[in-house]
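Below, chains carry the letters A, B, ... as their sequence lines are ordered, and counting in each starts from 1. In this text the structure is predicted, and so the values were computed from the model without any measurement.
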There are 2 protein chains.
Amino acid sequence: MQPLKKRTFREQIVEELKNSILNGSLPLGSPVVEAELAKQFGVSRGPLREALRHLIEEGFLITIPYTGTRVATLSLDDVREVFSLRAELEVFAFKLIWNTRDEDFRNALQQLHTDLKQSIEKGDEDAAIAIELSLHSLVYERCGHKLLLQTWQSLKAKLQLYWVTHHRVHGRRGPRIDAHEAYVSLALGDDFDALAEEVRAHILNGFARTEAFLVAREQASSGQQAS
Amino acid sequence: MQPLKKRTFREQIVEELKNSILNGSLPLGSPVVEAELAKQFGVSRGPLREALRHLIEEGFLITIPYTGTRVATLSLDDVREVFSLRAELEVFAFKLIWNTRDEDFRNALQQLHTDLKQSIEKGDEDAAIAIELSLHSLVYERCGHKLLLQTWQSLKAKLQLYWVTHHRVHGRRGPRIDAHEAYVSLALGDDFDALAEEVRAHILNGFARTEAFLVAREQASSGQQAS
DNA sequence: AGATGATCGATTGTTGACAATCATAAACGA
DNA sequence: TCGTTTATGATTGTCAACAATCGATCATCT
């Protein structure tokens, strides 16, 4: 049987706004005014404010009292922090699950890897990024540590914000087709230290590629702006 | 100069309620009704609801739509998760700061250690617990990783809830006077691996002592209840 | 008696209006 | 012309009343 849960306005608004930010229809840094949104959703400002508060505490919005609210923007340093913390958490998740990896876990991991490669081959970047997130989420979901999973989900939201910021906007591409070969095979193997090394390398490399890309971009554009 | 920030009702209420929960004047699991609290604070339900939402998302309160809100309670498994995740984060914080530990950091650490031992000698349990938290917070504050600090602060709140739950209520005592000797001396030394080992042992031992204490209690009381 | 349906009080969810504050820019004086 | 002061519009903060929902109690029927 289903839980049959009622959904309050606030919850629906939170979900809608999160989607709008993540798919780009609410551009990063753009102002968000309560009265305007309330009218669009057809509700009063009360529930809408509570939804905004939720997103503010989750880091999606920033607000200045009596002045205004905007969609958050992530600096390169912010993104660096997300990646570095994520590397530690993911190694910890594998440490937790290491001795209880069952067939179900292995199959799910390989299935996601297959799906990921198919999406990349088809050229569907958005699907590839979504599946890559699912693949990395698997270990958090299966490791049996609720608090760790919750922490990861908070980080994941920031990661998605990062993709909207730097990939979609600046034209960066999704993952390479062979990017997860070592990750998956080591995650299925028996050498934990090797996996830990690979997880850290994989995640920090993902950031390094972006950083190099962005720094190069910035130098090019600053050269133009100097004229 | 100070930031001179205005404080909105919501922020003040959040702080007040958090204190009330942490110092025990709002017992764990006790009901919290909006209208009642609003009257006590002399504000309307609007700002009060937003404050409650804040505490709900932070894990201090749990709510059921249209039904009621209560102060949260932590299960032993919840506490175990807090401690285990904390161990990983604290090792990571030391890894970050390891090569940039300066005199200021070392002095602050030793000062807090001295204060901690004095409080324990004086028998001031509450002060000792507060200082112990400050001591462990130091590395997060100095490691230069804002997101890690933020994550730690969220965990710290749950730790404080844990102390209210299991120490104050069940009569457990604060830290031993020599509990941090190895921790501090290794944090000032040059052997990172030894420190990492000690941090994990120190934190997990803190939980193990509590777990043994509680399990023993439970067995005793269940023996009585069975009559 | 047991199960089923209606009633009632309590609590949260929602609303629209009002107040406080801020940023901008226009008006003013030296 | 420059700096200061004073309006003004926009936006968030706050309020009190109303609606929706839930849990328990009581009545009713078989």
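Listed pair B:R45 / D:dC15 fails the phosphate criterion, with no side-chain N or O lying under 4.0 Å from OP1 or OP2. Taking only side-chain nitrogens and oxygens, A:T63 never comes nearer than 4.0 Å to OP1 or OP2 of D:dT12. The side chain of B:T8 places no N or O atom within less than 4.0 Å of a non-bridging phosphate oxygen (OP1 or OP2) of D:dT12. In this model, the phosphate group of D:dC15 is approached by a side-chain N or O of B:S44 to a distance below 4.0 Å at OP1 or OP2. Distances shorter than 4.0 Å separate none of the side-chain N or O atoms of A:R49 from OP1 or OP2 on C:dG13. In this structure, A:T69 reaches the D:dT12 phosphate: one of its side-chain N or O atoms is under 4.0 Å from OP1 or OP2.
Rounded to an integer number of Å, the gap from CG of B:L37 to P of C:dT12 is 9 Å. One can place CZ of A:R53 at 10 Å from P of D:dT12, the figure rounded to the nearest angstrom. Spacing between atom OH of B:Y66 and atom P of C:dT12 amounts to 12 Å, rounded to whole angstrom units. Regarding B:K39, its NZ atom lies at a distance of 15 Å from the C1' atom of C:dA10, rounded to whole Å. Summarising the geometry, the separation between CD1 on B:I64 and P on C:dA10 is reported as 19 Å, rounded to the nearest angstrom. B:E50 places its CD atom 13 Å from the P atom of C:dG13, with the value rounded to the nearest Å. Rounded to an integer number of Å, the gap from A:E36 CD to D:dA10 C1' is 12 Å. Taking atom CG of B:L48 as the reference point, atom P of D:dT14 lies 11 Å away to the nearest angstrom.
Using a 3.5 Å distance cut-off with no hydrogens or angles, the side chains of B:E11 and B:H54 do not pair a donor with an acceptor.
Set against D:dG13, C:dG13, D:dC15, the side chain of B:F9 has D:dC15 as its closest nucleotide. For B:E34, counting side-chain heavy atoms from C-beta on, the closest listed nucleotide (D:dT12, C:dG13, C:dT11) is C:dG13.
Residue-level contact check: B:G46 touches neither bases nor backbone, having no heavy atom under 4.0 Å from any strand. At a threshold of 4.0 angstrom between heavy atoms, the contacts of A:R7 with the nucleic acid are absent. Residue contacts shown for B:P47 are limited to sugar-phosphate atoms, with no base heavy atom under 4.0 Å away.
Residues A:L116 and A:E132 share a closest heavy-atom pair of CD1-N, 4.0 Å.
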* Verify salt bridge (Lys or Arg N to Asp or Glu O under 4.0 Å) between A:R7 and A:E15, making sure each step is shown before the conclusion. => CA-CA 11 Å; A:R7 302 188 60 207; A:E15 189 173 325; 2.7 Å; yes
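At least one donor-acceptor pair closer than 3.5 Å links the side chain of B:S134 to the backbone N or O of B:A130.
Looking at A:K146 and B:D78, a side-chain N of the basic residue comes within less than 4.0 Å of a carboxylate O on the acidic one, giving a salt bridge.
Of the two residues contacting DNA chain C, namely A:T67 and B:V32, the nearest-nucleotide position lying further toward the 5' end is that of B:V32.
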